[in-house]
Amino acid sequence: MSDFSRRAFLAGTATATIAATASGTVSYAAASDGASAGAKGTMPGIYRQNIGEIELLSITDGANSFPRRDNFVSNRSADDVAKALQEAFLPTDQITLTFTPVVLKSSGKLIVIDTGLGEAAFKQSSGVGGQFHTNLAAAGYDAGSVDRVLITHFHADHIGGLVTADGKPAFPKSEIWVPAAEYAFWMDSGNRARASSEAMVANFERARRIFGILGDGVRKFDADTEVAPGVTSMATPGHTPGHSSFVIASGTDKLIVQGDVTTHPALFIRHPGWHGATDMDPVTAERSRRMLYDRVVAERILLQGFHFPFPALGHLTREDDGYRLAPVMWNPAP
Ligand SMILES: [Zn+2]
């Protein structure tokens, strides 16, 4: 490693102190100069591949690293979790989650699936998170040319990018389509009143603020509905009550965009029975996970995971009581 690349690497590791709460809220402490240099020292993550006639772009929104809490997995000991991280050659004291929204070009329509943390988080984290809009532009697309945004669920890293830092719609000409059950849950005053933690209250407030800005034009979809050309919704509840995945099919090619059916692959793909602290109903989440992954294995379907390592695509195989992710390898011309 040259002196230059070593310096750049060290700067990149000196990231801000960052926290992610149990229910999907992501926050960054004031970023150090190191964090800023780290974000500036990386190239935009844009990966292109075809699903039949549909063009798919994986576009990174960045990442969030935070100290591992003992309850990150609620039904296993901290030692078991440390061991699983060690087996994946990962640090045991820290969790890093990457964020990768999807862009599709299908039948002449430009479609975005999930939006990253958004512009406010981009500024707050000095560019470590919330990169999606910058990288969308780097990929050659203007947010104003997006026709439709599809949302998997209402956590900050998925809906934050729907609005700008000054509270305007970030995709001004786009239709916004969200799972009906998800919208119903987060916009319900009774559910808001029953919120038991600060983080849950923050999630309710964020959803109300964002969908307040977007207004009545937001479209709500049910499961098994064609939500865009070649894109069908699939109910995968548990992580949140109305969590949705999407099946993308063209010709003989198929891809499933899973959203947060699992967050960290080394933990919850290897051990689908482990319950993540961010899963609101962990038993239902496990059922959705096993249902989806058994199908993905049996039909050898390509899977896109919002929190998978970039380009956030891979296949699954069965292993012991769990699964193993075989990631798609980076290739500039797949
Ligand atoms: Zn997420």
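Quick caveat, the model's predicted, so the values are computed rather than measured.
Between the side chain of S106 and the backbone N or O of K109, no donor-acceptor pair lies under 3.5 Å. Judged by distance alone, with hydrogens and angles left aside, the side-chain atoms of T225 form a donor-acceptor pair with the main-chain N or O of D222 at under 3.5 Å. Checking side-chain atoms of R68 against main-chain N and O of P91 turns up no donor-acceptor pair under 3.5 Å.
Using cut-offs of 30° and 60° for the angle between ring planes, the H239 and H153 rings count as perpendicular. Under the 30°/60° scheme for interplanar angles, the aromatic rings of Y323 and Y293 are found to stand perpendicular.
Side chain to side chain, T236 and S288 fail the donor-acceptor criterion of an N or O pair below 3.5 Å. Side-chain contact, D260 with H307: a donor N or O sits under 3.5 Å from an acceptor N or O. A donor-acceptor contact under 3.5 angstrom links the side chains of T164 and D166, judged on distance only.
Here the closest non-hydrogen pair linking F246 and S233 is CD2-CA, 3.9 Å. When all heavy atoms of L267 and I95 are compared, the pair lying nearest together is CD1-CD1, 4.5 Å. Among all heavy-atom pairs drawn from S174 and V146, the shortest one is CB-O, 3.3 Å.
Checked against the 6.0 Å centroid criterion, the rings of H133 and F122 do not qualify as a close aromatic pair. Outside the 6.0 Å centre-distance limit, the rings of H243 and F185 are not counted as a close aromatic pair.
Remark: of the listed residues W186, F204, Y183, Y183 is the sole one forming a ring pair (Phe, Tyr, Trp, His ring centres under 6.0 Å) with F211.
Rounding to the nearest 0.5 angstrom, the gap separating the NZ atom in K220 from the CD atom in E182 is 13.0 Å.
Contact of the Q94 side chain with the P67 side chain is not registered, since no non-hydrogen atoms from C-beta on lie closer than 4.5 Å.
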